[in-house]
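Step one of this worksheet: look at the structure below.
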Amino acid sequence: SGSLIGAELGSRYLRFNPGKLTAERSFKFDIAAARGGASAGATSLVAQTIIVPLCLSAPSPTAGTILGGTHVPMSPAADYLETVYIPALMRMGFPIAVHADRAGFFPKGGGRLLLQMEPMALGVPFEASERGRLKQLRLVVVTSGLPATVGERGRDALLKELKGYGVPIQIELREMESAGAGAAVVLTAECEHGLGGWSSLGERGKPMERVALEALKEFQRWFASGVSTDTHLADQLVLPASFVPETSQWTTMETTDHLLTVLQVVQQFLPIKYNLEAVADGNTLVSVTGVACQMHP
């Protein structure tokens, strides 16, 4: 029951007046319906928009369904949310569960992302100023409408390269229903303190081995750097850390425009303090001191 003014192409002004929080315990967003037709708009970006506000403001447990793209360019894959982003937030006290039970690839979309959230109590800082030792690797290979051998080829290409790291490798081959054929690989690393994830999407004419090795290359670059988070998680942690009234810390390979932007935007709304400190090998230590915020009615 809120109101929104200026949300249109070319607008230089945006005003959102939130309405009174309702007691609804479930919600549904259909990105295709919102756009007036088939759309592979990213369900993960919608999820990342609403997760923190709902945990802070909903008076009771909330369930959500988001329909659209789950494995599409320029956005986190649904499996990345499940294995990296949500575990990071849970460490900070955000009680959330996310799972995709139907895949959505570009251009048809039609995927389904399911959310479960509970009201947040007291947040704790995210502490990953050091990565710590590598504990486990996790490999998720998603395929839809393709022969089983396609996913197996992606798995085998990665396993050949990952065995030398000397840690357990958890493997999932997910054959999922979808409106169109597609494939994706998500590789995640869990360390004592740090974590990260890297994904690659299949395309027509792109061998699955190449899809798998693209994700591997990014992981290898991160592992060699010694930092605790991947470059995307580094900026995604800023908003939840802003609601923890202590200092969270993590390291990243790059001070990206995304990271600088989210720090500066959040500071327009909340009196957070942050610091970007250059550390060894050109890496950056990010520190965010948040504020206590009681939003529950």
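One-based numbering along the sequence shown.
- With hydrogens and angles disregarded, no donor-acceptor distance shorter than 3.5 Å links the side chain of Glu218 to the backbone of Glu214.
- Glu127 pairs by the salt bridge (Lys or Arg N to Asp or Glu O under 4.0 Å) definition with nothing, not counting sequence neighbours.
- In terms of the salt bridge (Lys or Arg N to Asp or Glu O under 4.0 Å) criterion, residue partners of Lys135 (sequence neighbours excluded) are, by chain and number, Glu190.
- With contacts defined as side-chain heavy-atom distances shorter than 4.5 Å, the pair Ser200/Val211 qualifies.
- In terms of the side-chain hydrogen bond (donor to acceptor under 3.5 Å, both in side chains) criterion, Ser242 has no residue partners (sequence neighbours excluded).
- Atom CG of Leu114 sits about 11.0 Å away from atom NZ of Lys28, to the nearest 0.5 Å.
- Taking a 6.0 Å sphere around NZ of Lys206, one finds it holds more than 12 heavy atoms contributed by other residues, nucleotides or ligands.
- At least one donor-acceptor pair under 3.5 Å links the side chain of Arg91 to the backbone N or O of His193.
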Can I get a per-line list of side-chain donor-acceptor pairs under 3.5 Å for residues 43-53, giving both atom names and the distance, sequence neighbours left out?
| residue | atom | partner | partner atom | Å |
| --- | --- | --- | --- | --- |
| Thr43 | OG1 | Gly69 | O | 2.8 |
| Ser44 | OG | Pro76 | O | 2.7 |
| Gln48 | NE2 | Gln236 | OE1 | 3.2 |
| Thr49 | OG1 | Leu45 | O | 2.8 |

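- Here the side chains of Leu67 and Ile31 are not in contact, with every heavy-atom distance at 4.5 Å or above.
- Contact between Gly197 and Asp230 at its shortest, heavy atoms only, is N-OD2, 3.0 Å.
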Show, in sequence, the C-alpha distance, side-chain angles and deciding distance for Leu54 and Leu115, and conclude whether the side chain to side chain contact (heavy atoms under 4.5 Å, CB included) test is met.
CA-CA 11 Å; Leu54 279 175; Leu115 309 178; over 6 Å; no

Atom pairs and distances, side-chain donor-acceptor, residues 152-161, under 3.5 Å, sequence neighbours left out:
| residue | atom | partner | partner atom | Å |
| --- | --- | --- | --- | --- |
| Arg153 | NE | Glu209 | OE2 | 2.9 |
| Arg153 | NH2 | Glu209 | OE1 | 3.0 |

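- Thr256 is not listed as a side-chain neighbour of His232, based on a closest heavy-atom distance of 4.5 Å or more.
- Side chains of Thr229 and Thr252: no donor on one and acceptor on the other come within 3.5 Å.
- Although no hydrogens or angles enter the test, the distance criterion places no donor-acceptor pair under 3.5 Å between the side chain of Ser75 and the main chain of Ala42.
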Apply side chain to side chain contact (heavy atoms under 4.5 Å, CB included) to residues Leu122 and Val244 and explain how you reach the verdict.
CA-CA 8 Å; Leu122 182 64; Val244 177; over 6 Å; no

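- Residue pairs satisfying the side chain to side chain donor-acceptor pair (under 3.5 Å) criterion with at least one member in residues 270-287, sequence neighbours excluded, are listed as follows: Gln249-Ser287, Thr255-Thr284.
- In this structure, Val286 and Leu259 have side chains that are in contact, with non-hydrogen atoms separated by less than 4.5 Å.
- One distance of note links CG of Leu195 with CD of Gln136; it measures 11.5 Å at 0.5 Å rounding.
- Using a distance-only test at 3.5 Å, with no hydrogens or angles considered, no donor-acceptor pair links the side chain of Glu118 to the main chain of Ser60.
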Side chains of residues 9-16: which donor-acceptor pairs under 3.5 Å do they make with residues two or more places apart or in other chains?
| residue | atom | partner | partner atom | Å |
| --- | --- | --- | --- | --- |
| Ser11 | OG | Gly6 | O | 2.7 |
| Ser11 | OG | Tyr13 | N | 3.1 |
| Ser11 | OG | Tyr13 | O | 2.7 |

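- Listed here is the closest heavy atom pair of Ala88 and Leu237: CB-CD2, 3.9 Å.
- Within the structure, salt bridge (Lys or Arg N to Asp or Glu O under 4.0 Å) pairs that include any residue of residues 169-187 comprise Asp79-Arg174, Glu82-Arg174, Arg102-Glu177, Arg138-Glu172, Glu172-Arg174 (at least two apart or interchain).
- The two residues Arg131 and Ser225 make their nearest non-hydrogen contact at NH2-OG, 4.0 Å.
- Among pairs with a residue in residues 236-263, those fulfilling salt bridge (Lys or Arg N to Asp or Glu O under 4.0 Å) read Arg221-Glu254, at least two apart in sequence or across chains.
- With sequence neighbours excluded, no residue satisfies side-chain hydrogen bond (donor to acceptor under 3.5 Å, both in side chains) with Ser199.
- The main-chain N or O of Gly111 is never found under 3.5 Å from a side-chain atom of Thr70 such that the two would form a donor-acceptor pair.
- Follow the hydrophobic side-chain contacts under 4.5 Å out from Leu263 and you never reach Met253; the two are in separate clusters.
- By the criterion of side-chain heavy atoms lying less than 4.5 angstrom apart, applied directly or through intervening Ile, Leu, Val, Met, Phe, Trp or Tyr residues, Ile86 is grouped together with Phe29 in one hydrophobic cluster.
- There is no path of hydrophobic side-chain contacts, each under 4.5 Å, that joins Val288 to Val279.
- Using a 4.5 Å heavy-atom cutoff, the side chains of Met208 and Val185 are in contact.
- Put simply, Val140 and Leu146 are part of two different groups of oily side chains (I, L, V, M, F, W, Y) that touch within less than 4.5 Å, one to the next.
- To the nearest 0.5 angstrom, Thr143 atom OG1 is 7.5 Å from Leu173 atom CG.
- Heavy atoms only, all atoms of each residue included: Ser178 and Phe105 are closest at OG-CD1, 3.6 Å.
- Residues Leu187 and Leu162 have side chains in contact (heavy-atom distance under 4.5 Å, counting atoms from C-beta outward).
- A donor-acceptor pair under 3.5 Å is formed between the side chain of Ser228 and the backbone N or O of Ala128.
- The shortest distance between side-chain heavy atoms of Leu56 and Met120 falls below 4.5 Å.
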Walk me through it: do Ile96 and Val98 pass the test side chain to side chain contact (heavy atoms under 4.5 Å, CB included)?
CA-CA 7 Å; Ile96 315 159; Val98 172; 4.1 Å; yes

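- The heavy-atom pair separating Val238 from Ala234 by the smallest distance is CG2-O, 4.0 Å.
- A pairwise comparison of heavy atoms in Val72 and Phe106 identifies CG1-N, 3.7 Å as the closest pair.
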Could you go through the side chain to side chain contact (heavy atoms under 4.5 Å, CB included) check for Glu203 and Arg210 one step at a time?
CA-CA 10 Å; Glu203 300 174 15; Arg210 181 179 157 200; over 6 Å; no

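- Partners of Phe219 by ring-ring contact (aromatic ring centres under 6.0 Å, His included), not counting sequence neighbours, listed by chain and number: Tyr165, Trp198, Phe223.
- The shortest distance between side-chain heavy atoms of Leu276 and Leu260 falls below 4.5 Å.
- At a threshold of 4.5 Å between side-chain heavy atoms, the hydrophobic network of Ile, Leu, Val, Met, Phe, Trp and Tyr places Trp250 and Val262 in one connected group.
- Legend: residues meeting salt bridge (Lys or Arg N to Asp or Glu O under 4.0 Å) with Arg112, ordered by chain and number and at least two apart, are Asp101.
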